[in-house]
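Only a predicted model underlies this, so the values are computations on that prediction, with no experimental measurement involved. Within every chain, numbering begins at 1; the chains are lettered A, B, ... in the order of the sequence lines, protein sequences first and strands thereafter.
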Amino acid sequence: MQTLKIYNTLSGNKEVFEPINPDSVSMYVCGPTVYGEGHLGHARPAITFDTLFRYLKILGYKVRYVRNITDVGHLLNDADDGGDKIGEKAKALQLEPMEVAHYYTKKYHESMYKLNVENPSIEPLASGHIIEQIEMIKKIIDNGFGYEVNGSIYFDVVKYNESNEYGMLSRRKIEDMLENTRELDGQSDKKNQVDFALWKKASPEHIMRWPSPWGDGFPGWHLECSAMSCKYLGEEFDIHGGGMDLVFPHHEAEIAQCCAANNNKGAKYWMHNNMITIGGQKMGKSLGNFITLNEFFNGSHEKLDQAYHPMVIRFFLLQAHYRSTIDFSNDALQAAEKGLIRLFNAIKTLNEISPKENSNIDVSSFPNKCDDAMNDDLNTPIVLSHLFDLVKVINSCKEGKHDLSANDIDLLKNLLNKYVTEIFGLQSILKENNSTDINTLMSFVLDLRSQLKENKDWATADKIRDGLNDINIEIKDTKDGSTWDYKK
RNA sequence: GGUCGGAUGGCCGAGUGGCUAGGCAGUGGUCUGCAAAACCAUCUACACCGGUUCGAAUCCGGUUCCGACCUCCA
């Protein structure tokens, strides 16, 4: 098996990936809170870790991939005793909170399907694991790291830090955090500002609530991931992923909870994808550049020049390294779209190349070069650059400038299939002209037109060409005759 | 304010102490009745100021600007 290196936020370094069990990998990724339409910010971790999921399987691992759905309404902020995101939305729409959660879960799944994101092995709901979360709180209390105030349970970060290291993931010092915390008018029940809620007592108007040993309430913000990863992957598992914005406090708190409950920090490798920007700005509702996935797919947002196929979004994300920020703009997406079409045209071309006795160009190094890049912390942009070098090779074979043997053609077909289809999960966006009726009709039209051209009746020939162009059919005149295709 | 990260050619985006990243656009060419498409070739770079070095875009220091987190957030 090849040596895969991944960047571990915990150590701040690229590390050789060695799973706890040699043949299998356990992976947990933070999924969406389902209170609104899926947006670009959801696409990046989904695609980043989908690519990792696919790659680990290609490497021969048995992978259990858990990605949760957060359908429990956590509080909007710490000082607030009132609403949560799902509950607020439910009130606004006069729906049950679970109707809201279910509706947006379905929308999320639809977007993931369009982006060709594979289903995780398990997709647990936070609301379905209240019991596990309560049990975990009990363990934390029993171990002396939780305390109750007025029906709410808090995690005692200061006490925890005496015997453990709070801040190991985000490299924060608890002393700095205690110093820097602003006075918040002393509304909180917490002993220290750095403490966080494990269980929150539900105020009368809070609609999402469950019974517990401490009265009706709802679980804290960070608990579900600890409880569910532990349940399905064990107290110690291989990879925990999510967006960089979750490093603190969410993932830091998860580590603390797992250590406090199980004396085990949970994941061995922590991986974080970077954020996206739109036109150089952070995406946010207040900035007017908040674009949902469906708006990208149908082009309905005013900032978009056109619709972008889900595969263009996927390809565009893969053209950047997952730990870099990536900036969305119409120019960049249109460039990606053209690149993607070029790639798939070359794959099509490869199937049409007739093999020669011997190759006169060496393509044997391509598989290793791609693997090396992928093994270097999933450097998908470098893999793509190699694949585009391959596009040049394929095209020059078509032009008769190079030859490829049958063996080499197979090698390239396998390589492209492995990377483009299986690991990157890309699908062709070329329109297929596979309707028999239209093909018969078009070959008649093209035949007619070539007669016109032979008779030098350029005016009529051009009229046909222009007319077809208007209905999105493009005629391509080559020296071997004319072909046609749907325009993009 | 604290912690951390970034600044690469017209746009996006890799990488690295000396050797072409790649995509898109541009330019030149092939092909064509013309055009389009396609294909081939190719130019423009490493924020600023110092330092280390035979050599730095790459290492070090400083400056400016940008971003993330510190509060729900992918």
Side-chain angles (χ1 to χ4, degrees), chain A residues 12 29-33 35-36 38-49 73-80 84-85 167 170-173 176-177 179-182 184 193-194 221 241-250 252 272-277 280-285 315-316 319-321 323-340 342-343 345-346 349 373 376 379-389 391-392 394-396 398-399 401 453-454 456-458 461-462 465-466 469 474-480 482-485 487-488:
Chain A
V29 173
C30 292
T33 302
Y35 71 104
H39 53 78
L40 268 183
H42 294 114
R44 193 161 199 198
I47 288 170
T48 297
F49 294 104
H74 299 302
L75 282 186
L76 291 169
N77 67 61
D78 202 20
D80 185 2
D84 62 71
K85 284 180 285 197
S170 55
R171 287 177 192 62
R172 281 160 208 258
K173 293 263 171 283
D176 295 342
M177 287 158 55
E179 278 173 25
N180 281 313
T181 309
R182 290 182 296 270
L184 282 178
Q193 284 297 335
V194 288
W221 315 335
M244 251 177 208
D245 53 331
L246 296 178
V247 171
F248 191 91
H250 185 58
E252 197 70 69
H272 294 97
N273 61 274
N274 214 321
M275 316 304 273
I276 61 113
T277 55
Q281 281 184 308
K282 181 185 177 174
M283 186 174 75
K285 281 177 178 158
F315 177 76
F316 182 63
Q319 268 193 316
H321 189 261
R323 284 193 290 116
S324 300
T325 55
I326 186 170
D327 188 50
F328 275 68
S329 64
N330 282 293
D331 285 350
L333 284 169
Q334 282 159 23
E337 181 181 71
K338 286 180 183 165
L340 181 63
R342 184 153 186 257
L343 181 62
N345 271 326
T349 302
D376 183 16
N379 201 327
T380 56
I382 290 292
V383 175
L384 283 170
S385 80
H386 293 319
L387 296 183
F388 275 105
D389 286 341
V391 168
K392 276 203 177 88
I394 292 167
N395 286 331
S396 66
K398 179 188 169 196
E399 301 281 311
K401 288 177 184 163
K453 284 170 67 176
E454 266 175 45
K456 299 203 190 304
D457 184 357
W458 311 126
D462 290 353
R465 184 174 68 195
D466 295 344
N469 195 55
E474 186 169 64
I475 289 191
K476 298 173 181 177
D477 291 328
T478 70
K479 58 177 169 243
D480 302 323
S482 300
T483 61
W484 70 280
D485 227 328
K487 291 204 292 187
K488 161 192 81 103

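Across the C1' atoms, B:U30 and B:C54 are found 46 Å apart, a figure rounded to whole Å. Of the P atoms belonging to B:A25 and B:C19, the separation is 28 Å, rounded to the nearest Å. To the nearest whole angstrom, the two P atoms, one in B:C69 and one in B:G51, are 38 Å apart. Annotation: B:C65 and B:U27 have their P atoms spaced 37 Å apart (nearest Å). Distance check on atom P: B:U42 versus B:U20 gives 12 Å, rounded to whole Å. As rounded to the nearest Å, B:U52 and B:C59 have C1' atoms that lie 8 Å from one another. For the P atoms, the distance from B:C43 to B:G28 is 15 Å, rounded to whole Å. Across B:A37 and B:A74, the matching C1' atoms stand 40 Å from one another, rounded to whole Å.
Atom CG in A:N274 sits roughly 11 Å away from atom C1' in B:C4 (whole-Å rounding). Counting to the nearest Å, the C1' atom of B:A74 and the NZ atom of A:K85 are 11 Å from each other. In this structure, NZ of A:K398 is placed 7 Å from P of B:C39, rounded to the nearest angstrom. To the nearest angstrom, P of B:A41 lies 10 Å from CD of A:E399. Straight-line distance from the CG atom of A:L333 to the P atom of B:G13: 11 Å, rounded to whole Å. Rounded to whole Å, atom P of B:G2 lies 17 Å from atom NZ of A:K173. Between the CG atom of A:N395 and the C1' atom of B:A41 there is a distance of 14 Å, rounded to whole Å. Rounded to an integer number of Å, the gap from CZ of A:F316 to C1' of B:G13 is 8 Å.
Residue-to-nucleotide proximity on RNA chain B shows that, of A:S329 and A:R171, the 5′-proximal contact is made by A:R171.
In this structure, the nucleotide among B:A14, B:G33, B:C69 sitting nearest to the side chain of A:W458 is B:G33. For A:R465, counting side-chain heavy atoms from C-beta on, the closest listed nucleotide (B:A36, B:A74, B:G33) is B:G33. Among the nucleotides B:C12, B:G33, B:C39, the one closest to the side chain of A:D327 is B:C12. With B:A74, B:G33, B:G13 as the choices, the nucleotide that has an atom nearest any side-chain atom of A:A461 turns out to be B:G33. When the nucleotides B:C72, B:G2, B:A74 are ranked by their closest atom to the side chain of A:R172, B:G2 comes out on top. Which of B:C73, B:A36, B:C70 sits closest to the side chain of A:E474 comes down to B:A36.
In this structure, A:P45 and A:N273 approach most closely via the heavy-atom pair CB-OD1, 3.3 Å. Pairing each heavy atom of A:H250 with each of A:W221, the nearest pair is CE1-O, 3.6 Å. Minimum heavy-atom separation, A:A320 to A:T380: O-OG1, 3.6 Å. Scanning all heavy atoms of the two residues, the minimum distance from A:R171 to A:G12 falls at NH2-N, 3.0 Å.
One finds a side-chain N or O of A:N379 lying less than 4.0 angstrom from the OP1 or OP2 phosphate oxygen of B:G15. Phosphate contact (OP1/OP2 of B:A14, side-chain N/O of A:H321, threshold under 4.0 Å): absent.
Among the heavy atoms of the strands lying under 4.0 Å from A:M275 is at least one base atom, whether or not backbone atoms are also near. Counting non-hydrogen atoms under 4.0 angstrom, A:K401 reaches the backbone sugars and phosphates but no base. A:G243 comes within contact range of the sugar-phosphate backbone alone, with a heavy-atom separation under 4.0 Å but no base atom that close. Within 4.0 Å of A:S170, counting heavy atoms only, lies no atom of the nucleic acid at all. Backbone-only engagement by A:I326 is indicated by non-hydrogen atom pairs under 4.0 Å involving sugar-phosphate atoms exclusively. Using a 4.0 Å heavy-atom cutoff across all strands shown, A:H39 reaches at least one base atom of the nucleic acid. As judged by a 4.0 angstrom heavy-atom cut-off over every strand, A:S324 is placed among residues touching the sugar-phosphate backbone only. Heavy atoms of A:I276 sit under 4.0 angstrom from at least one base atom.
The nucleotide B:C54 finds its pairing partner in B:G18, both defining distances of the Watson-Crick or G-U wobble pair being shorter than 3.5 Å. Nucleotide B:G26 forms a Watson-Crick or G-U wobble pair with B:U42, both donor-acceptor distances falling under 3.5 Å. With both pairing distances under 3.5 Å, B:A68 is matched to B:U3 as a Watson-Crick or G-U wobble pair.
Salt bridge absent: A:K392 and A:D389 never bring a charged side-chain N and a carboxylate O closer than 4.0 Å.
Between A:D84 and A:Y35, every side-chain heavy-atom pair lies at or beyond the 4.5 Å cut-off. Between A:D462 and A:R465, the closest side-chain pair of non-hydrogen atoms falls below 4.5 Å. At least one side-chain heavy atom of A:R44 sits under 4.5 Å from a side-chain heavy atom of A:N274. By the 4.5 Å heavy-atom criterion applied to side chains, A:W458 and A:K453 are counted as neighbours.
A:H42 places a side-chain N or O within donor-acceptor distance of the main-chain N or O of A:H39, the cut-off being under 3.5 Å.
A donor-acceptor contact under 3.5 angstrom links the side-chain atoms of A:D462 to the base of B:G33.
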For a quick check, with a 4.0 angstrom heavy-atom cut-off, what is the B/S/- contact string for nucleotides 18-28 of chain B, read 5' to 3'?
---BSBSS---

